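Data block below; observations after.
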Amino acid sequence: MKQRKRWLGLAAAPIALAFLALAQPAQAADYTGDCASIPNHVTGNATVNDTACVIDTGATLIVDGTLTIDATSVDVKSEIQSVGKVTVRTTTGELKLRKKASSQNNDIILQSPQNRIDTKGLEAGNSVQVDAGLNGAEGSTWDVKVDGQII
């Protein structure tokens, strides 16, 4: 009787391992593309390159990794929630974040060297860096407008 139980135990082990392999979590899916096509939930990192970037997902933009946006101008109408670093850079145009942006574990970096930055609240797990109008815009007192808290 003991040999039979041992045999059943050995036979059941590969089946249990097969079920465990099927139950593994889904792998992260990175997004690389333009602003118009970004989904409202990216399970990996999101890298966006565009010209006149407008992001309006209709919901909160959730990124499980880092979010990097490089464009001529940026207008984000969705709230941003990222686990990793949030970096938004413009070359010559304005940078607008119309709702709160947050990075749970890292930095928020906003750069608009030739124009203004207009943002709502910013909440970072580490630090917030905002660089605007350094190459000439309306003047240093008008280059950054924050309507909300910086945490």
Side-chain angles (χ1 to χ4, degrees), residues 12-151:
I15 294 171
L17 288 173
F19 280 119
L20 185 62
L22 291 175
Q24 294 299 318
Q27 296 296 317
D30 292 342
Y31 172 81
T32 301
D34 63 6
C35 293
S37 302
I38 192 167
N40 65 348
H41 188 182
V42 178
T43 59
N45 298 322
T47 304
V48 178
N49 290 297
D50 213 334
T51 52
C53 173
V54 177
I55 295 178
D56 188 1
T57 64
T60 299
L61 173 58
I62 299 170
V63 180
D64 294 343
T66 62
L67 171 63
T68 304
I69 301 172
D70 285 304
T72 306
S73 64
V74 175
D75 186 358
V76 180
K77 298 177 181 181
S78 304
E79 180 177 336
I80 296 172
Q81 292 179 0
S82 178
V83 174
K85 183 187 287 188
V86 174
T87 305
V88 183
R89 292 183 285 254
T90 66
T91 52
T92 57
E94 236 180 302
L95 190 159
K96 293 181 184 178
L97 301 179
R98 296 180 187 260
K99 295 186 179 175
K100 182 177 92 169
S102 62
S103 168
Q104 181 179 341
N105 296 330
N106 214 308
D107 305 326
I108 295 178
I109 300 173
L110 306 178
Q111 298 175 328
S112 181
Q114 294 186 17
N115 218 308
R116 295 181 51 128
I117 293 177
D118 190 349
T119 182
K120 296 295 183 187
L122 302 171
E123 186 173 330
N126 193 23
S127 70
V128 174
Q129 176 183 330
V130 180
D131 299 321
L134 301 177
N135 294 335
E138 295 178 25
S140 61
T141 58
W142 297 103
D143 290 340
V144 178
K145 178 183 174 190
V146 180
D147 183 12
Q149 294 182 326
I150 298 177
I151 300 172

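All values below were derived from every heavy atom in this structure, side-chain atoms included, with hydrogens, water molecules and symmetry-related copies excluded. From a predicted model like this one, the values you see are computed outputs, not experimental measurements.
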For [X] and [Y], work out which heavy atoms get closest and say how close.
X      : Y      : answer
Asn115 : Glu94  : OD1-CG, 3.6 Å
Leu61  : Thr57  : N-OG1, 4.2 Å
Ser73  : Ala52  : OG-CA, 3.7 Å
Leu110 : Ile117 : O-CD1, 3.7 Å
Ser103 : Gly84  : OG-O, 2.7 Å
Ser78  : Gly58  : OG-N, 4.1 Å

Output the distance between atom [atom1] ([X]) and atom [atom2] ([Y]), rounded to the nearest 0.5 Å.
X      : Y      : atom1 : atom2 : result
Ile108 : Leu122 : CD1   : CG    : 5.0 Å
Asn49  : Cys35  : CG    : SG    : 8.5 Å
Ile69  : Cys53  : CD1   : SG    : 5.0 Å
Gln104 : Glu123 : CD    : CD    : 9.5 Å
Asn106 : Lys85  : CG    : NZ    : 5.5 Å
Thr90  : Gln114 : OG1   : CD    : 8.5 Å

Pair Thr47, Thr68: side-chain N/O donor-acceptor within cut-off below 3.5 Å: no
Side-chain H-bond candidate by donor/acceptor type, Asp64 with Thr43, under 3.5 Å: no
Taking the side chain as every heavy atom from C-beta outward, state whether [X] and [Y] have any pair of such atoms under 4.5 Å apart.
X     : Y     : result
Asp34 : Val48 : no
Lys77 : Lys99 : no
Leu67 : Ile80 : yes
Val88 : Leu95 : yes

Asp107/Asn126 under side-chain hydrogen bond (donor to acceptor under 3.5 Å, both in side chains): CA gap, chis, key distance, verdict: CA-CA 5 Å; Asp107 305 326; Asn126 193 23; 2.8 Å; yes
Pair Arg116-Asp143, salt bridge (Lys or Arg N to Asp or Glu O under 4.0 Å): steps then yes or no: CA-CA 4 Å; Arg116 295 181 51 128; Asp143 290 340; over 6 Å; no
Test side chain to side chain contact (heavy atoms under 4.5 Å, CB included) applied to Lys120 and Leu97, Val76, Asp147, the passing residue: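 The passing option is Asp147.
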Name of the residue among Thr66, Thr32, Val83, Val63 meeting side chain to side chain contact (heavy atoms under 4.5 Å, CB included) with Asn45: Thr66
